[in-house]
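A short worksheet on the structure shown next.
A note on names: the letters A, B, ... follow the listed sequences, proteins ahead of strands, and every chain is numbered from 1.
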Amino acid sequence: METNQLYLYNSITGKKELFEPINNPYVGMYVCGPTVYGDAHLGHARPAITFDVLFRYLKHVGYKVRYVRNITDVGHLENDADSGEDKIAKKARLEQLEPMEIVQYYTDRYHANMQDLNVLSPSIEPKASGHIIEQIEFIERIIKNGYGYVENGSVYFDVLKYNEKHNYGILSGRNIDELINNTRTLEGQEEKKNSFDFALWKKAQPQHIMRWNSPWSVGFPGWHLECSAMGEKYLGEVFDIHGGGMDLKFPHHECEIAQSVAANNKHAVKHWVHNNLITINGQKMSKSLNNFITLDEVFSGKNALLNQAYSPMTVRFFILQAHYGGTLDFSNEALLAAEKAMARMCKAFDVIDKLVISNTSSIDFNSYKKRCYDALNDDLNTPILLAVLFDVVKSINLIKEGKETIDAVNLSVLKEIVSGFFNEILGLINQSSVSTKSNSIDTLMEVILELRKNAKTNKDYATADYIRNKLSEVNIKINDTKDGANWFIE
RNA sequence: GGACUCGUGGCCGAGUGGCUAGGCAGAGGUCUGCAAAACCUUGUACGGCGGUUCGAAUCCGUUCGAGUCCUCCA
């Protein structure tokens with residue numbers, strides 16, 4: 001699709017911009033992945049799905065995409081920690097486990113959640129702990145260029161110095177003067193020249209279990225460094241897209257920009273894309289606020305905030321029903337609405353193979369297809385795309401009822417729309433058609449429905465209702481239609 | 001306090017200077033032994049107050065409210 005023009009909102013310019021790869025047809029995309037010290041929650045599903053769709057769409061239109069999503073397994077500090085203690089190390093002590101054991105455990109669980117959500121694996125999933133050498137080398141370059149200083153075994157980034165020639169705050173719209181006035185006084189800041197300087201390398205305290213040798217001290221890399229180092233390693237000094245949650249804009253991504261400019265004298269990222277947050281009761285869902293629902297809990301329904309379990313596909317649909325740039329508020333009502341909406345869509349798609357093919361078509365499915373592309377090309381507008389697909393659903397139903405017609409050519413376009421946009425790009429899976437594929441149960445139900453049909457013919461409604469009610473108790477639902485009865489598992 | 005974002009019908013959520021978003025719920029209907037489901041039809045919303053305009057929910061100002069960030073947490 002050479003004519004396809006994707007416009008993406010660029011956080012750094014604040015405008016929708018035509019996406020043009022630096023090195024067509026190759027596209028490099030880096031997205032901040034999870035910190036693996038706990039189970040993923042609903043909030044983590046949002047960036048994963050957002051950038052999964054972007055990844056899928058870029059591939060769909062013909063680009064060769066290398067998608068790098070990191071695993072953060074070192075270097076992060078507790079929000080409320082007494083004294084800057086590595087998050088993972090702390091949990092390790094509490095649970096009497098090796099840090100890497102925890103990393104492995106939660107990484108596996110994260111992967112399982114992602115698979116449930118039908119999120120494709122990234123091309124490369126690098127771990128911070130596996131790139132200590134690259135990070136040290138990156139720091140050396142920053143120091144050599146005069147933007148880092150060593151103090152007591154730790155290395156800090158000199159923001160003020162950087163800001164003389166460059167613009168610190170370019171992404172988040174902050175300026176240094178405000179940072180000076182507004183930064184709170186915190187403990188453990190004495191080593192830094194300025195409160196807003198950030199660490200590139202941190203000397204390990206005795207309680208830190210995760211530690212590596214470096215030219216400056218035995219310690220661990222700073223919190224923003226891994227993305228700069230790994231992005232450069234796998235995507236080059238300059239690459240196309242960097243994604244992540246809104247909450248990462250400052251300081252994380254701001255610091256990344258500063259690091260890359262300090263090391264290479266150029267901006268590493270052409271296009272910044274930020275997804276918004278999932279809120280609950282209007283507030284950000286996060287670990288620190290302790291108002292989160294893990295994905296496992298959503299899928300099982302085991303959380304006091306949940307009225308029921310919601311399938312991974314319901315969650316995916318729910319997230320896609322909102323534009324990635326806006327907040328999305330969690331509620332049982334909204335999840336339930338998504339579940340029903342998705343079911344209705346799937347049921348319509350199920351009847352496509354049973355549609356009667358006419359000589360002419362009263363509906364032009366190519367125009368739907370165009371609207372699908374238009375929706376995605378306008379800053380990945382998945383809610384609009386879903387609205388178009390609901391128009392398609394309506395058309396399918398009208399054809400089914402004989403009120404509209406479809407010919408063979410349009411039928412193939414219709415199938416293309418479903419497999420292309422619904423399955424391939426949005427990554428949704430029609431589970432109603434998948435779950436009923438069991439030969440023995442099919443045969444069994446055929447027999448039962450036959451017996452019930454006979455009962456109905458004989459006006460033995462007591463027996464007919466008995467069959468229906470009893471099976472309903474085990475979630476096998478029977479519906480009578482004018483073409484006979486059908487059944488499904490609820 | 002500062003930076004930024006947002007405020008749309010019962011709920012979720014698009015959009016935008018004049019033309020139906022969509023979904024869920026509700027209402028009416030079709031179908032039907034009954035039920036359920038399915039399908040069809042249906043709503044006239046854009047925080048308050050000013051202003052610009054032939055015309056604003058959409059632009060500007062102001063006000064109220066909410067949120068995110070402002071930390072050595074991604």
| Nearest to the side chain of A:Y461 - B:C34, B:G23, B:G33? | B:G33

| message | Need one value for A:E339: base, sugar-phosphate or nothing, where a base atom within 4.0 Å counts as base even if backbone is also close, heavy atoms only. | response | nothing

| message | Distance check, P atoms only: B:G15 and B:G22, in whole angstrom units. | response | 15 Å

| task | Go through B:A36, B:C11, B:C24 for me and flag the one nearest to the A:N479 side chain. | result | B:A36

| query | Paired with B:A35 by Watson-Crick or G-U wobble geometry, both distances under 3.5 Å: which nucleotide is it? | reply | none

| task | Could you pick out which residue, A:F390 or A:A348, lies toward the 5' side of RNA chain B when each is mapped onto its nearest nucleotide? | result | A:F390

| query | Is there side-chain contact between A:L426 and A:L389, with heavy atoms separated by less than 4.5 Å? | reply | yes

| query | Hey, does A:T279 reach any base, or is it just sugar-phosphate, or nothing, if we go heavy atoms under 4.0 Å? | reply | nothing

| field | Any strand: nucleotide that pairs with B:G9 via Watson-Crick or wobble, under 3.5 Å | value | none

| field | P spacing across the pair B:G23 / B:C39, given as an integer number of angstrom | value | 11 Å

| message | Tell me which nucleotide, if any, is Watson-Crick or G-U wobble paired with B:G1 when both distances must be under 3.5 Å. | response | B:C70

| request: Consider the side chain of A:A322, meaning its heavy atoms from C-beta on, and name the nucleotide among B:G33, B:A14, B:U68 that approaches it most closely. | output: B:A14

| message | Checking contacts here: which listed nucleotide (B:C69, B:A14, B:G33) is nearest the side-chain heavy atoms of A:R452? | response | B:G33

| note | Taking B:G22, B:A38, B:A35 as options, the one with an atom nearest any side-chain atom of A:K347 is B:A38

| Has the side chain of A:D480 got a donor or acceptor atom sitting under 3.5 Å from an opposite partner on the base of B:C34? | yes

| query | After noting the C-alpha distance and the side-chain angles of A:I12 and A:I257, does the key distance pass the side chain to side chain contact (heavy atoms under 4.5 Å, CB included) rule? | reply | CA-CA 11 Å; A:I12 206 162; A:I257 291 172; 3.9 Å; yes

| B:A37 OP1/OP2 closer than 4.0 Å to side-chain N/O of A:R344 | no

| Pick the nucleotide of RNA chain B nearest each of A:V393 and A:R468; which residue has the one closer to the 5' end? | A:R468

| query | Given B:A25, is OP1 or OP2 found less than 4.0 Å from the side-chain N or O atoms of A:K340? | reply | yes

| Which is true for A:T327 with a 4.0 Å heavy-atom rule: it touches a base, it touches only sugar-phosphate, or it touches nothing? | sugar-phosphate

| task | Look at all strands and tell whether A:L328 reaches a base, only sugar-phosphate, or nothing, counting heavy atoms closer than 4.0 Å. | result | sugar-phosphate

| query | Taking atom P in both B:U5 and B:G43, what distance in whole Å separates the two? | reply | 35 Å

| said: Expressed as a whole number of angstroms, how long is the span from A:D374:CG to B:A14:P? | reply: 19 Å

| Contact class for A:L248 vs. all strands (heavy atom < 4.0 Å): base, sugar-phosphate, or nothing? | base

| message | Working note: A:Y156 + A:E191, criterion side-chain hydrogen bond (donor to acceptor under 3.5 Å, both in side chains); need CA distance, chi angles, decisive distance, verdict. | response | CA-CA 9 Å; A:Y156 296 98; A:E191 293 176 356; 2.6 Å; yes

| So, A:Y7 versus A:N381: side-chain donor-acceptor pair below 3.5 Å or not? | no

| request: Considering just the side-chain nitrogens and oxygens of A:K284, establish if one lies under 4.0 Å of OP1 or OP2 belonging to B:C69. | output: yes

| said: Among B:C70, B:C40, B:G33, which nucleotide has an atom closest to any side-chain atom of A:A464? | reply: B:G33

| said: Looking only at the side chain of A:L398 (C-beta and beyond, no hydrogens), which of the listed nucleotides B:C69, B:C34, B:C40 gets closest? | reply: B:C40

| said: Taking the six-membered ring for Trp, are A:Y324 and A:F51 closer than 6.0 Å centroid to centroid? | reply: no

| field | Residue A:K394 excluded, over 12 heavy atoms near NZ under 6.0 Å | value | no

| said: Taking the P atom in each of B:U32 and B:A36, what is the distance between them to the nearest angstrom? | reply: 15 Å

| request: Look at the side chain of A:D465 and the base of B:G33, then say whether one donor and one acceptor between them are separated by less than 3.5 Å. | output: yes

| said: I want to verify a distance call: between B:G33, B:G67, B:G13, whose nearest atom is closest to the A:D329 side chain? | reply: B:G13

| query | So what does A:G33 touch, heavy atoms closer than 4.0 Å: a base, only the sugar-phosphate, or nothing? | reply | sugar-phosphate

| message | Once you apply a heavy-atom cut-off of 4.0 Å, does A:K400 come out as touching a base, just sugar-phosphate, or nothing? | response | sugar-phosphate

| task | Give a yes/no answer on whether the side chain of A:K394 brings an N or O atom under 4.0 Å of OP1 or OP2 in B:U41. | result | yes

| How many Å lie between CD on A:Q321 and P on B:C24, as a whole number? | 9 Å

| In whole angstrom, what separates A:F317's CZ from B:C24's P? | 9 Å

| query | B:C24, B:G33, B:C11: which one has an atom nearest the side-chain heavy atoms of A:A337? | reply | B:C24

| message | I'd like to know if the side chain of A:K284 pairs up with that of A:T279 as donor and acceptor (distance under 3.5 Å, no hydrogens or angles considered). | response | no

| query | A:L471 has an atom CG; how far is it from atom P of B:A37, in whole Å? | reply | 18 Å

| query | Separation of A:L385 atom CG from B:G15 atom P, in whole Å? | reply | 13 Å

| query | Considering only side-chain heavy atoms of A:N381, which listed nucleotide, B:C70, B:G15, B:U68, is closest? | reply | B:G15

| request: Could you check how far CG of A:L289 sits from C1' of B:U68, rounded to whole Å? | output: 11 Å

| task | In whole angstrom, give me the gap between the P atoms of B:U42 and B:G50. | result | 35 Å

| message | Let's test this: given Watson-Crick or G-U wobble pairing with both distances under 3.5 Å, identify the partner of B:U53. | response | none

| field | Ring centre gap for A:Y9 and A:H323 strictly below 6.0 Å | value | no

| task | Over 60° means perpendicular and under 30° means parallel, so classify the ring planes of A:F198 and A:F157, tilted if in between. | result | parallel

| task | Write down the distance between OH (A:Y466) and P (B:A35), rounded to a whole number of angstrom. | result | 22 Å

| C1' atom, B:C54 versus B:C64: distance in rounded Å? | 31 Å

| request: Using the P atom as the reference point in each nucleotide, state the distance between B:G13 and B:U68 in Å, no decimals. | output: 15 Å

| If you look at every strand shown and take non-hydrogen atoms under 4.0 Å, does A:A341 touch a base, only sugar-phosphate, or nothing? | sugar-phosphate

| Who does B:A45 pair with, Watson-Crick or G-U, both distances under 3.5 Å? | none

| message | Output the rounded distance in Å from CD (A:E226) to C1' (B:C73). | response | 12 Å

| message | Please report the distance separating the P of B:A56 from the corresponding atom of B:G51, rounded so that it comes out in whole Å. | response | 12 Å

| task | Could you label the plane-to-plane angle of the A:H253 and A:H274 rings as parallel, tilted or perpendicular, counting under 30° as parallel and over 60° as perpendicular? | result | tilted

